Amino acid sequence: MKDTFIHQGMRKKLVATLQKKGITNTEVLAAVNTIPRHLFMDSGFLDHAYVDKAFPIAADQTISQPYTVARQTELLNITSGATILEIGTGSGYQTAVLLEMGATVYSIERQNELFKKTKRFLPKLGYRPKKLIFGDGYKGHPEAAPYDGIIVTAGAPFVPKALLAQLKVGAKLVIPVGDDVQIMTVFTRTSATGFDKEEFGEFRFVPLLEDKN
Ligand code: SAH
């Protein structure tokens, strides 16, 4: 569990790359600059940790591309102290970004192997989500709703109604929608029954699967 000057230098370059690609939110960039992404990956991929690409983690899943994490987080438009629900804990990297930004984080993972691994791993780096949940993200986590934001980090074939229902008025759901290719879609709750919808281009994610295993 080492974070060296070399890693820190590579992170600075990654931050510069993200800025070139259009990320402007300074808190998001600061989080990427701080978090040792290489520790979230299997040792075989250490050399790739600070390249702007997605990489395999356990259980046939991926750690999202840094640009994607940064873009989705920027679109959530949160302030410190916000309560956020994340669907798809995976490696926990996105969770760490949200925690660095001062959010209270609930995160759901459907793969038991990954859930257990990440639950053990995050506290070792000092990251303490409010709750990691082994379950089906399609249902959200009504126990702690409503949220100041919900972020889905897997490709959703459709927009789960339960997630829209768990937003506060004014809060956003950031969700990649589609089968093979996804359109990054942001829903803003405008009232008890009203939602605005905006679209932010194409992305590719592993699929949001139903139920858990
Ligand atoms: N945020 C993660 C991205 C992991 S990839 C990271 O930063 O590493 C997407 C994750 O979503 C995978 O771990 C996958 O197992 C999980 N997933 C897929 N369908 C899900 C569902 N219905 N509920 C919760 N998690 C789900």
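Residues take their numbers from the sequence shown, with the count starting at 1. Keep in mind that this is a model prediction, so the values were computed, not measured.
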Could you state the interatomic distance from [atom1] ([X]) to [atom2] ([Y]), rounded to the nearest 0.5 Å?
| X | Y | atom1 | atom2 | result |
| --- | --- | --- | --- | --- |
| Leu75 | Ile151 | CG | CD1 | 8.5 Å |
| Phe5 | Met10 | CZ | CE | 15.5 Å |
| Asn25 | Leu76 | CG | CG | 10.5 Å |
| Ile63 | His48 | CD1 | NE2 | 13.0 Å |
| Ser64 | Gln94 | OG | CD | 7.0 Å |

message: I need the full list of salt bridge (charged side-chain N to carboxylate O under 4.0 Å, His left out) pairs touching residues 173-201, with sequence neighbours left out, sorted by first then second residue.
response: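 Salt bridge (charged side-chain N to carboxylate O under 4.0 Å, His left out) check on residues 173-201 returns Lys197-Glu199.
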field: Where at least one partner belongs to residues 126-147, residue pairs that pass salt bridge (charged side-chain N to carboxylate O under 4.0 Å, His left out), sequence neighbours excluded
entry: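 Qualifying pairs, neighbours excluded: Asp136-Lys139.
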- request: Go through the structure and list residues passing ring pair (Phe, Tyr, Trp, His ring centres under 6.0 Å) with Phe40, not counting sequence neighbours.
  value: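 With sequence neighbours excluded, Phe40 shows a ring pair (Phe, Tyr, Trp, His ring centres under 6.0 Å) to Tyr93, Phe121, given in chain and number order.
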message: Please determine whether the number of non-hydrogen atoms from other residues, nucleotides or ligands lying under 6.0 Å from atom CD of Gln8 exceeds 12.
response: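 Yes.
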CD1/Ile6: more than 12 non-hydrogen atoms of other groups inside 6.0 Å: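 No - once you tally the heavy atoms of other residues, nucleotides and ligands closer than 6.0 Å, there are 12 at most.
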Pairing of Asp3 and Arg11 as salt bridge, 4.0 angstrom limit: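 The answer is yes: the pair qualifies as a salt bridge.
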Glu109 vs Leu132, side-chain contact (heavy atoms from CB on, under 4.5 Å): CA-CA, chis, key distance, verdict: CA-CA 8 Å; Glu109 173 56 55; Leu132 293 181; over 6 Å; no
- prompt: Linking Ile, Leu, Val, Met, Phe, Trp and Tyr through side-chain heavy atoms less than 4.5 Å apart, which residues share a cluster with Leu85?
  reply: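 Ile87, Tyr106, Ile108, Ile133, Tyr138, Tyr147, Ile150, Val152, Phe158, Val159, Leu163, Leu164, Leu167, Leu173, Ile175, Val177, Phe187, Phe195, Leu208, which link up through side-chain heavy atoms under 4.5 Å apart, make up the rest of the cluster.
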- request: With sequence neighbours excluded, tell me which residues meet side-chain contact (heavy atoms from CB on, under 4.5 Å) with Ala103.
  value: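 Testing Ala103 for side-chain contact (heavy atoms from CB on, under 4.5 Å), a comparison that skips the adjacent residues, returns Ile78, Ile84, Leu98, Val105.
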Partners passing side-chain contact (heavy atoms from CB on, under 4.5 Å) against Ala16 (at least two apart in sequence or in another chain):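 For Ala16 there are no side-chain contact (heavy atoms from CB on, under 4.5 Å) partners, ignoring immediate neighbours.
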query: How far apart are the C-alpha atoms of Phe134 and Lys116, what are their side-chain angles, what is the distance that settles it, and do they pass the side-chain contact (heavy atoms from CB on, under 4.5 Å) test?
result: CA-CA 9 Å; Phe134 171 52; Lys116 286 194 286 194; over 6 Å; no
- request: Start with the C-alpha gap between Tyr50 and His7, add the side-chain angles, then the distance that decides, and say whether side chain to side chain donor-acceptor pair (under 3.5 Å) holds.
  value: CA-CA 8 Å; Tyr50 298 108; His7 295 121; 5.9 Å; no
